[in-house]
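Side chains are part of it too, since the values below use all heavy atoms of this structure and drop only hydrogens, waters and symmetry mates.
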Amino acid sequence: MCGIFGVVFDGPTRRRVRTLAPFERMIRHRGPDDVGYLYLAEERMAWARDPEPPPWCAAAFVHRRLAIIDLDRRAAQPMLSPDGAVALLYNGEIYNFRELRHELEAAGYGFRTRSDTEVLLVGYQAWGLEVVERLNGMFAAVILDLARQRMVLIRDRFGIKPLYLLNDGGAVAVASELPPLIALLDGRAALDHATAAAQIAAHGRPTRDLGPATLVRGISEPPAGSLITFDLSMLLRRRDHADLAAQPAPGVTRRHSPLPLHRDDAMSLDTAMERLRAGFLDAVGRHLISDQPVTTTLSGGIDSSTLVRCIRRLQGPDVPITAFGYVCRDDDRLDETAYMRLAAADGTARLHEVAIAPDGVERALDRFLAAQCEPVTGLSAFAQYAVLSAVAEHGFKVVLDGQGADELLCGYSSYVLVRVSDLARRGQWTEVEAIFLGDDCGHAGSLPGLADRIAIEIALARRTGGGDLPAVLGRCRALAPLVDRVRPWPLAGGWPAGGPWKPHMGAGQILTADALGRATAAADPASAPSPAADRTHRFVHDRYRPQFRRMLRFQDRNAMAVSIENRVPFLDRAFTDIVSSVPIRHLIDRSGLTKAAFRKAFGDLVPDPILARRRKIGFEVPQGLWMDALHRRVAALAEPGGLGAAAIIRPGALADAVTRTSDGAADAPDPDFLCFLFTLDGLVRRCGLGTG
């Protein structure tokens with residue numbers, strides 16, 4: 001894992017940036033092991049250790065290295081080809097680098113290191129841009145090619161590794177995180193109103209991809225799975241030609257390695273189980289390749305428990321395995337300690353339990369927010385930060401994590417509702433009835449409990465085309481008692497008196513009417529449907545993109561803040577191709593059981609009480625208790641300036657939110673939304689973003 005920053009100068013930027021040292025310091029945590037600089041002009045490229053750009057250069061880059069594979073200094077970056085024509089700055093890991101190296105060696109290419117970095121560099125020289133179609137890994141990379149006069153930016157299929165692009169008509173710059181680019185704007189950084197409004201309208205949890213824009217005007221995030229090619233000769237001439245410097249840099253973007261969109265409907269359950277098992281074991285094996293010690297996180301859920309058990313199966317009984325997990329001491333309903341211990345039992349792993357007191361949140365909050373930079377929805381990301389901090393304290397540099405399984409294996413109950421809608425449209429009422437009566441949808445199959453569960457899911461189901469749920473229920477004889485309870489409920493927003501959710505102060509009271517209208521239109525899930533044929537598959541495909549963008553950013557920043565490489569085997573390219581081929585009926589079975597085929601595939605490895613779990617806790621924290629400890633942070637929302645000064649915010653709205661919160665009003669913002677607001681406000685203040 002590494003950090004990248006680079007800028008192609010225009011005239012004013014070249015005069016202002018006398019040294020790269022302050023920008024290097026902003027990404028040092030991402031790579032404490034080594035640093036290198038690269039300077040280039042139209043026909044010249046030079047590697048250096050001096051942060052002061054030479055007079056002749058038109059572009060300057062810096063790379064901070066976290067050494068994981070091939071610890072020798074010869075594997076440091078920026079890495080240049082032997083002829084000096086191509087340079088690579090790369091963040092991530094290529095898990096199939098050994099196979100690619102063998103293929104390249106057979107074709108006559110030589111290597112100076114054992115690194116995956118050099119495999120990517122040589123692969124580009126051999127295959128050009130098509131090298132990206134061969135990569136199985138997580139990566140964000142910048143390729144500078146003097147021979148072809150192009151600069152190429154690439155990101156992996158899911159956007160596991162971050163990359164940001166500044167192109168404001170002056171300098172063009174890239175970075176692994178926002179702060180260096182905000183600093184490069186030199187006081188001109190401003191809040192992007194459209195993006196901020198859309199994020200607030202979605203309570204920080206957009207259900208569709210809102211595009212490449214970020215919360216900072218002029219800075220974008222190239223989409224996951226994108227490959228962007230710039231005309232390097234034009235970029236490098238911009239510093240001397242005013243007519244070019246006033247125009248945006250041309251970039252050609254295309255997507256690579258998309259997730260397959262068609263299921264193999266003829267696949268049997270046995271075949272699905274066999275492929276999922278073999279594919280995941282292979283993925284975990286690839287993710288264990290490292291020249292640094294490797295550990296894993298453990299939550300007690302199906303995903304992380306399967307992960308740690310697969311590591312034990314692959315490494316045998318004699319290799320020590322360590323796991324780290326968050327334990328909730330303040331709320332028994334959120335505590336998964338018993339399941340974590342069960343997963344680690346029988347010599348599987350030595351478990352480190354990480355507990356967090358409310359005052360511990362306040363003490364470490366500034367470090368956490370500085371690491372994230374961008375706002376967070378809820379404080380579960382802080383619990384992950386605490387766990388990864390413990391990992392670093394124990395000397396580990398690589399950690400495997402279970403992120404991504406719920407999104408791709410249909411682990412959320414919202415997927416079940418869409419599955420029901422699919423079946424209803426096909427008239428498969430027996431299947432609909434079986435799912436609604438399954439334990440996974442209700443509480444031990446009780447109809448009253450099922451009705452409450454529907455209340456929680458109904459708005460989401462409607463917004464995503466879930467259909468007229470009372471009509472669906474009415475077609476199923478055994479579900480008739482639910483119809484009268486469900487029919488009066490509104491199908492879009494709001495909840496019945498005495499329902500499971502209390503009303504909360506939301507975006508409608510925070511945003512101006514104009515901002516709310518534009519944000520709601522931008523966040524409409526129906527505006528950009530996936531081309532997948534099956535509705536449930538389409539829903540999965542559309543939902544994972546915005547979800548991954550959030551959760552992978554939380555994870556990357558938390559890990560990089562303590563100089564740890566975080567790996568996600570569930571997002572292995574080969575494994576996700578397998579998951580995409582499995583029919584939905586094997587992922588959500590007739591009883592509504594989620595991840596059904598995956599659970600059955602590992603029945604011999606994972607303890608039955610874990611595989612049988614139907615109540616999903618997730619990575620939850622005692623949010624209300626922690627927010628009480630942060631009352632001073634919440635109160636800062638009412639102070640002049642900050643987010644409250646933005647034109648998209650109703651006058652006095654944030655002060656009103658603080659008052660309702662301190663008064664304990666029933667319609668105060670819910671803790672997740674409140675957390676999003678005060679961390680967004682903190683971003684505006686901390687980075688000095690203009691709000692006009």
**Prompt:** After noting the C-alpha distance and the side-chain angles of Asp33 and Arg28, does the key distance pass the salt bridge (Lys or Arg N to Asp or Glu O under 4.0 Å) rule?
**Reply:** CA-CA 9 Å; Asp33 296 330; Arg28 188 175 296 173; over 6 Å; no
**Message:** Rounded to the nearest 0.5 Å, what separates atom OH in Tyr385 from atom CD in Gln555?
**Reply:** 15.5 Å
**Leu166 and Val174: CA distance, side-chain angles, deciding distance, side chain to side chain contact (heavy atoms under 4.5 Å, CB included) verdict** = CA-CA 6 Å; Leu166 169 64; Val174 295; over 6 Å; no
**Request:** State, without any angle test, whether Thr576 and Arg157 hold a side-chain donor-acceptor pair at a distance under 3.5 Å.
**Result:** yes
**Message:** Checking side-chain polar atoms at under 3.5 Å, does Tyr90 have a donor or acceptor matched by the opposite partner on Asp116?
**Reply:** yes
**Request:** Would you please name every residue forming a salt bridge (charged side-chain N to carboxylate O under 4.0 Å, His left out) with Asp145, sequence neighbours left out?
**Result:** Arg148
**Request:** Given salt bridge (Lys or Arg N to Asp or Glu O under 4.0 Å), test Arg64 with Glu24 step by step and report yes or no.
**Result:** CA-CA 8 Å; Arg64 291 290 328 191; Glu24 177 270 321; 2.7 Å; yes
**Asked** Of the non-hydrogen atoms in Phe111 and Arg101, which two are nearest, and what is the gap between them?
**Response** CB-NH2, 3.4 Å
**Prompt:** Are any side-chain N or O atoms of Ser299 and backbone N or O atoms of Gly301, one a donor and one an acceptor, separated by less than 3.5 Å?
**Reply:** yes
**Request:** Could you grab the distance from atom CG of Leu146 to atom CE of Met151, nearest 0.5 Å is fine?
**Result:** 12.5 Å
**Message:** Please enumerate all residues that pass side-chain hydrogen bond (donor to acceptor under 3.5 Å, both in side chains) together with Arg65, with sequence neighbours excluded.
**Reply:** none
**Test salt bridge (Lys or Arg N to Asp or Glu O under 4.0 Å) applied to Arg550 and Glu407, step by step** = CA-CA 13 Å; Arg550 289 175 52 255; Glu407 288 72 19; over 6 Å; no
**Request:** In sequence, state the C-alpha distance, the side-chain angles, and the governing distance for Asn136 and Phe97, and then conclude on side chain to side chain contact (heavy atoms under 4.5 Å, CB included).
**Result:** CA-CA 8 Å; Asn136 183 353; Phe97 76 99; over 6 Å; no
**Item:** Contacts of type salt bridge (charged side-chain N to carboxylate O under 4.0 Å, His left out), residue Arg134, not counting sequence neighbours
**Value:** Glu103
**Message:** Are the side chains of Leu88 and Tyr124 in contact, using a 4.5 Å heavy-atom criterion?
**Reply:** no
**Flag, side chain of Asn558 to backbone of Ala381, donor-acceptor distance under 3.5 Å** = yes
**Request:** Compare all side-chain heavy atoms of Leu689 with those of Arg217 and state whether any distance is below 4.5 angstrom.
**Result:** no
**Message:** Determine whether Phe158 and Phe570 satisfy the following criterion, ring-ring contact (aromatic ring centres under 6.0 Å, His included), listing intermediate values before the conclusion.
**Reply:** CA-CA 11 Å; Phe158 293 107; Phe570 280 100; over 10 Å; no
**Request:** Over all heavy atoms of both residues, which pair between Leu121 and Ser81 is shortest? Give the atoms and the distance, please.
**Result:** CD2-N, 3.8 Å
**Message:** The criterion is salt bridge (charged side-chain N to carboxylate O under 4.0 Å, His left out); which residues satisfy it with Glu274, sequence neighbours excluded?
**Reply:** none
**Message:** Before we go on, tell me: are the rings of Phe382 and Phe554 under 6.0 Å apart, centre to centre?
**Reply:** no
**Fill in**
Tightest non-hydrogen contact, residues Glu221 and Thr214, listed as N-CG2, 3.9 Å
**Prompt:** Does any non-hydrogen side-chain atom of Leu163 lie less than 4.5 Å from one of Asn91?
**Reply:** no
**Fill in**
Taken to the nearest 0.5 Å, the spacing of Thr271 OG1 from His586 NE2 works out to 8.0 Å
**Request:** Keeping the roles fixed (side chain from Arg114, backbone from Ile69), state whether a donor-acceptor pair exists under 3.5 Å.
**Result:** no
**Message:** Let me confirm one number: the CZ-NE2 distance from Phe676 to His203, rounded to the nearest 0.5 Å.
**Reply:** 9.5 Å
**Message:** Could you check whether Arg573 pairs with Asp156 (Lys NZ or Arg NE/NH1/NH2 to Asp/Glu carboxylate O, under 4.0 Å)?
**Reply:** no
**Message:** Surrounding CZ of Arg255 (heavy atoms of other residues, nucleotides or ligands, distance under 6.0 Å), is the total greater than 12?
**Reply:** yes
**Request:** Using a 4.5 Å cut-off on heavy atoms from C-beta on, say whether the side chain of Arg254 contacts that of Leu129.
**Result:** yes
**Request:** Dump the intermediate steps for side chain to side chain contact (heavy atoms under 4.5 Å, CB included) on Thr377 and Thr679, then the final yes or no.
**Result:** CA-CA 8 Å; Thr377 306; Thr679 54; over 6 Å; no
**Asked** Taking it one step at a time, do Arg567 and Asp401 satisfy salt bridge (Lys or Arg N to Asp or Glu O under 4.0 Å)?
**Response** CA-CA 6 Å; Arg567 298 179 175 183; Asp401 189 274; over 6 Å; no
**Asked** Mind checking whether Phe139 and His256 have parallel, tilted or perpendicular rings, split at 30° and 60°?
**Response** parallel
**Message:** Looking at Phe575, is its backbone amide N or carbonyl O close enough to the side chain of Asp572 to form a donor-acceptor pair, meaning the two atoms are under 3.5 Å apart?
**Reply:** yes
**Distance-minimising heavy-atom pair for Ile302 and Thr306** = O-OG1, 2.6 Å
**Asked** Is there side-chain contact between Arg557 and Cys373, with heavy atoms separated by less than 4.5 Å?
**Response** no
**Prompt:** Is a side-chain N or O of Ser304 found less than 3.5 angstrom from the main chain of Thr297, in a donor-acceptor match?
**Reply:** no
**Fill in**
For Ile200 and Ala507, the nearest pair of non-hydrogen atoms, with its separation, is O-CB, 3.6 Å
**Request:** Would you give the length of the straight line joining atom CG of Leu236 to atom CD of Gln149, rounded to the nearest 0.5 angstrom?
**Result:** 6.5 Å
**Asked** Going through the checks in order, is the side chain to side chain contact (heavy atoms under 4.5 Å, CB included) test met by Thr295 and Val398?
**Response** CA-CA 6 Å; Thr295 186; Val398 181; over 6 Å; no
**Prompt:** Who passes salt bridge (charged side-chain N to carboxylate O under 4.0 Å, His left out) against Asp556, sequence neighbours left out?
**Reply:** Arg30, Lys161
**Non-hydrogen side-chain atoms of Val582 and Leu409 separated by less than 4.5 Å** = no
**Message:** Can you tell me how far apart CD (Glu118) and OH (Tyr109) are? Round to the nearest 0.5 Å.
**Reply:** 13.0 Å
**Smallest separation among heavy atoms of Ser115 and Thr113, with atom names** = OG-OG1, 2.8 Å
**Request:** Describe, in one word, how the ring planes of Phe5 and Phe23 are oriented to each other, choosing from parallel (under 30°), tilted (30 to 60°) and perpendicular (over 60°).
**Result:** parallel
**Item:** Ile154 and Ser226, any side-chain heavy atoms less than 4.5 Å apart
**Value:** no
**Asked** Do Asp291 and Ile68 have side-chain heavy atoms sitting under 4.5 Å apart?
**Response** no
**Message:** Using the side chain to side chain contact (heavy atoms under 4.5 Å, CB included) criterion, which residues pair with Leu288? Sequence neighbours excluded.
**Reply:** Val284, Val294, Ile311, Leu314, Gln315, Leu400
